[in-house]
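Accompanying notes for the structure given below.
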Amino acid sequence: MSAAAGRNALLDELRALMAAHSPPLHALVVPSDDAHQSEYVAERDKRLQFISGFGSYHYEGGATAEKQLSDHWELMCMGEDPPVEVWIADNLSDEAVIGINPWCISVDTAQRYEHAFSKKHQTLFQLSSDLVDEVWKDRPLANTQPVVHPVEFAGCSVTGKLKELRKKLLHEKARGIIIAALDEVAWLYNIRGNDVHYSPVVHSYSIVTLHSAFFYVDNRKVSVEVQSYMSENGIDIRDYNMVQSDVSLLASGQLKGSAVNGSSHEGNGMNDNSKILIDNSCCLALYSKLDEDQVLILQSPVALSKAVKNPVELDGLRKAHIRDGVAVVQYLAWLDNQMQENYGASGYFSGAKGSQKKEHVEVKLTEVSVSDKLEGFRAAKEYFKGPSFPMISAVGPNAAILHYSPEASSCAELDTDKIYLFDTGAQYLDGTTDITRTVHFGKPSEHEKSCYTAVLKGHIALDTAVFPNGTTGHALDILARTPLWKSGLDYRHGTSHGVGSYLTVHEGPHQISFRPSARNVPLQASMTVTDEPGYYEDGSFGIRLENVLIVQDANTKFNFGDKGYLAFEHITWAPYQTKLIDATLLAPAEIEWVNTYHSDCRRILQPYLNEQEKEWLRKATEPITVSC
């Protein structure tokens, strides 16, 4: 039986379960989320991919998805077709019943669905078990163990973090908080794991009250070290599957745990009307165990505390980015040599046409094979733990696809006449990295150079911004776009996201973006952000440049309104390709910025390179000038 036929059989089996269900289900929503609304999920949580075969973003109008889906499926593209809840409300009959796994849908999404369905008296029905799991006979098993993240990397003890969290609960007149986001639990309790690809987290929940703290995890993952560590910090370890019943106990005031600071009761001086705080990204399964008048839906205070890095985390991030920069330079020097030797390319530095392409390439360089080489350079570095997201390694038109992810069986070969973009990052014990560079190993066109230069100008404009405290990323987003707008160009993604400290590479709650949500959280000193404008020409090429920045206090001459002002410190170190820069389009201050950045790259990275790599970096960072 073919893979497509096998999935069609599974679909028939799933529909039979829907029909036999009480009440019968007219539709079943299968999200791509796990029980923690994670960006990346474990193999055993990829239910949508299992049942449909679709496991990637859609590219070029859904071409990739259409290859993965059988004719039993119809592709609906986000942003082009109606949202899920609108389509269901419009196409299903009155009083239809729509099934959902309540663990895999957030409160926010569930409320949006229920509002849409109410117009036709349709019902969002919470299933007691996931029907996809019932037909998934060989579903992967859970794995791994959590490990303690030493204070030498975390910078703050669990005791200190819990103390600050409880202060915030008191401020909100809340008697407890339910934490479902994996990176928040990991940060709060100083634990790490590898339950999920790319993110060093462990499947777990946390409940924190004013006098107790609970850690919900598969007991098989609890080592003697973890057991001792949690006990020393007054944290009760409960089985992962107990969280829902404990939320019910929390709601009724009967959840008891180990005493903190000698206290043996849950008395907190608050009346019975005090609230339980949850984030709207928490799953419906836990939210539904609370009475509506008990709930305080707010952005998790842990998210903001995690985003504002302490001095130890900032120091670790700086060091991690130096090691990462060394790996990127080693990669570029190696790739430059390989392109010249195997493809007759003119190389990284020359803007001339290379020699005639070889008919028989001795070593074939593909998007996947070269990205594997970069991971090898990183793996040799201290504290390396793995990639921080699926590497984007894209040649020519593939670089115009925002979330392109190459596959060994179908990826493109590198080409001396096409732009190559790589967006990649790593997890180190002391920090998480994310960098994008765009290069050309032949002769770039004038159009490519002008587009690259416009992106670079926006990149510099954001990097050099000075702004008052209280400014949101929504207000700053325009800085990175203006140079592109002047030529009638733009890009469809946000300009920036936060970056974790050996945690998730895409970290909130702040962002720099045109999206309205970027108005919600002002930037603060000691946050991290990326600086990543781009330009993408469908079917031709894509350009993006990305550094990680730290928000810091600005040393301004004046302080109007006593607000205090902020600026950025870049901590990513890798050269920009000067042959892609049209220096005549740069202002003198922008030329000075590039030359200073390149000088700093040489000074910071050279001590870790061999002689050949040092020479390559010296050439890559030579000052740019404009001829009179």
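Just the heavy atoms: all of them, side chains too, but no hydrogens, waters or symmetry mates, feed the values below. All figures in this text were calculated on a predicted structure; none of them were measured in a lab.
Note that CG of Leu255 and CZ of Arg175 are 9.5 Å apart. Values are rounded to the nearest 0.5 Å. Rounded to the nearest 0.5 angstrom, Glu13 CD and Ile51 CD1 are separated by 8.0 Å. Summarising the geometry, atom CG belonging to Asn194 is positioned 9.5 Å from atom NE2 belonging to His197; distances are rounded to the nearest 0.5 Å. For the atom pair Leu75 CG and Asp81 CG, the distance stands at 7.5 Å (nearest 0.5 Å). Taken from CD in Gln511 to OG1 in Thr530, the straight-line distance is 10.0 Å, to the nearest 0.5 Å. The CG atom of Leu124 lies 14.0 Å from the NE2 atom of His115; values are rounded to the nearest 0.5 Å.
Of the possible polar contacts, none joining the Arg192 side chain to the Val148 backbone as a donor-acceptor pair under 3.5 Å is found. Although no hydrogens or angles enter the test, the distance criterion places no donor-acceptor pair under 3.5 Å between the side chain of His26 and the main chain of Ile98. Proximity of a side-chain donor or acceptor of Arg139 to a complementary backbone N or O of Arg44 within less than 3.5 Å is detected. Distance alone, capped at 3.5 Å, places no donor-acceptor pair between the Ser526 side chain and the Val308 backbone. The backbone N or O of Thr433 sits less than 3.5 Å from a side-chain atom of Ser388, completing a donor-acceptor pair. Using a distance-only test at 3.5 Å, with no hydrogens or angles considered, no donor-acceptor pair links the side chain of Asn233 to the main chain of Ile235. Between the side chain of Asp195 and the backbone N or O of His203 there is at least one donor-acceptor pair closer than 3.5 Å. With hydrogens and angles disregarded, no donor-acceptor distance shorter than 3.5 Å links the side chain of Asp279 to the backbone of Cys282. Distance alone, capped at 3.5 Å, places no donor-acceptor pair between the Lys173 side chain and the Leu170 backbone. At distances below 3.5 Å, at least one donor-acceptor pair connects side-chain atoms of Asn310 with backbone N or O atoms of Ala154.
Side-chain contact between Thr432 and Gln427 is present, with at least one heavy-atom pair separated by less than 4.5 Å. Residues Asp130 and Trp103 have side chains not in contact (no heavy-atom distance under 4.5 Å, counting atoms from C-beta outward). Side-chain contact between Val202 and Asp218 is absent, with no heavy-atom pair separated by less than 4.5 Å. Side-chain contact between Glu184 and Lys306 is present, with heavy atoms from C-beta onward closer than 4.5 Å. Cys104 places a side-chain heavy atom less than 4.5 Å from the side chain of Arg47. Contact annotation: the side chain of Leu503 approaches that of Val201 to within less than 4.5 Å [non-hydrogen atoms, C-beta and beyond]. Side chains of Val30 and Asn101 form no contact here, defined as non-hydrogen atoms less than 4.5 Å apart. Within the 4.5 Å cutoff, the side chain of Val295 has heavy atoms near those of the Tyr287 side chain.
Counting all heavy atoms, side chain and backbone alike, Val302 lies closest to Leu165 at CG2-CD1, 4.0 Å. Closest of all the heavy-atom pairs between Leu131 and Leu17 is O-CD1, 3.9 Å. When all heavy atoms of Gly257 and Arg238 are compared, the closest pair comes out as CA-NH2, 4.5 Å. Nearest approach of His510 to Gly498, heavy atoms of both residues: NE2-CA, 3.6 Å. Contact record, Tyr40 with His506: OH-CE1, 3.8 Å, taken as the closest heavy-atom pair. Here the closest non-hydrogen pair linking Thr436 and Glu546 is OG1-OE1, 2.6 Å.
When the shell of 6.0 Å around CD of Glu74 is examined, it contains 12 or fewer heavy atoms from other residues, nucleotides or ligands. Within a 6.0 Å radius of NZ in Lys163, no more than 12 heavy atoms belonging to other residues, nucleotides or ligands are found. The 12-atom threshold is exceeded at CZ of Arg515, counting heavy atoms of other residues, nucleotides or ligands nearer than 6.0 Å.
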Practice task
Could you walk me through whether Glu407 and Val368 pass side-chain contact (heavy atoms from CB on, under 4.5 Å), step by step?
Solution key: CA-CA 7 Å; Glu407 298 179 3; Val368 169; 5.8 Å; no

Exercise for the section: List the steps and the verdict of salt bridge (charged side-chain N to carboxylate O under 4.0 Å, His left out) for Lys46 and Glu43. Expected result: CA-CA 5 Å; Lys46 294 181 179 179; Glu43 291 299 318; 2.9 Å; yes

Practice task
Take Tyr502 and Tyr428, measure what ring pair (Phe, Tyr, Trp, His ring centres under 6.0 Å) needs, and give me the verdict at the end.
Solution key: CA-CA 6 Å; Tyr502 186 40; Tyr428 301 91; 9.2 Å; no

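For Glu532 and His497, the side-chain atoms include at least one donor-acceptor pair closer than 3.5 Å. Of the N and O atoms on the side chains of Ser305 and Lys168, at least one donor lies less than 3.5 Å from an acceptor on the other residue. Donor-acceptor pairing under 3.5 Å is lacking for the side chains of Glu39 and Thr504. Ser228 and Glu232 share a donor-acceptor pair across their side chains, judged by distance under 3.5 Å alone.
Each of Ile207, Ile178, Leu250 was scored for a side chain to side chain contact (heavy atoms under 4.5 Å, CB included) with Leu286, with one residue passing: Ile178.
Residues that satisfy the ring-ring contact (aromatic ring centres under 6.0 Å, His included) test with Phe125, not counting sequence neighbours, are His21.
Using a cutoff of 4.0 Å between basic side-chain nitrogens and carboxylate oxygens, Glu164 and Lys161 are not scored as salt-bridged. Salt bridge Lys385/Asp430: absent, no basic N to carboxylate O contact under 4.0 Å.
The aromatic rings of Phe153 and His149 lie parallel to each other, with less than 30° between the two planes, well short of the 60° mark.
Listed by first and then second residue, the salt bridge (Lys or Arg N to Asp or Glu O under 4.0 Å) pairs involving residues 201-214 amount to none (not counting sequence neighbours).
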Please set out all donor-acceptor pairs under 3.5 angstrom arising from side-chain atoms of residues 82-95, sequence neighbours excluded.
{"unit_1": "Glu85", "atom_1": "OE2", "unit_2": "Arg112", "atom_2": "NE", "d": "3.0"}
{"unit_1": "Asn91", "atom_1": "ND2", "unit_2": "Trp87", "atom_2": "O", "d": "2.8"}

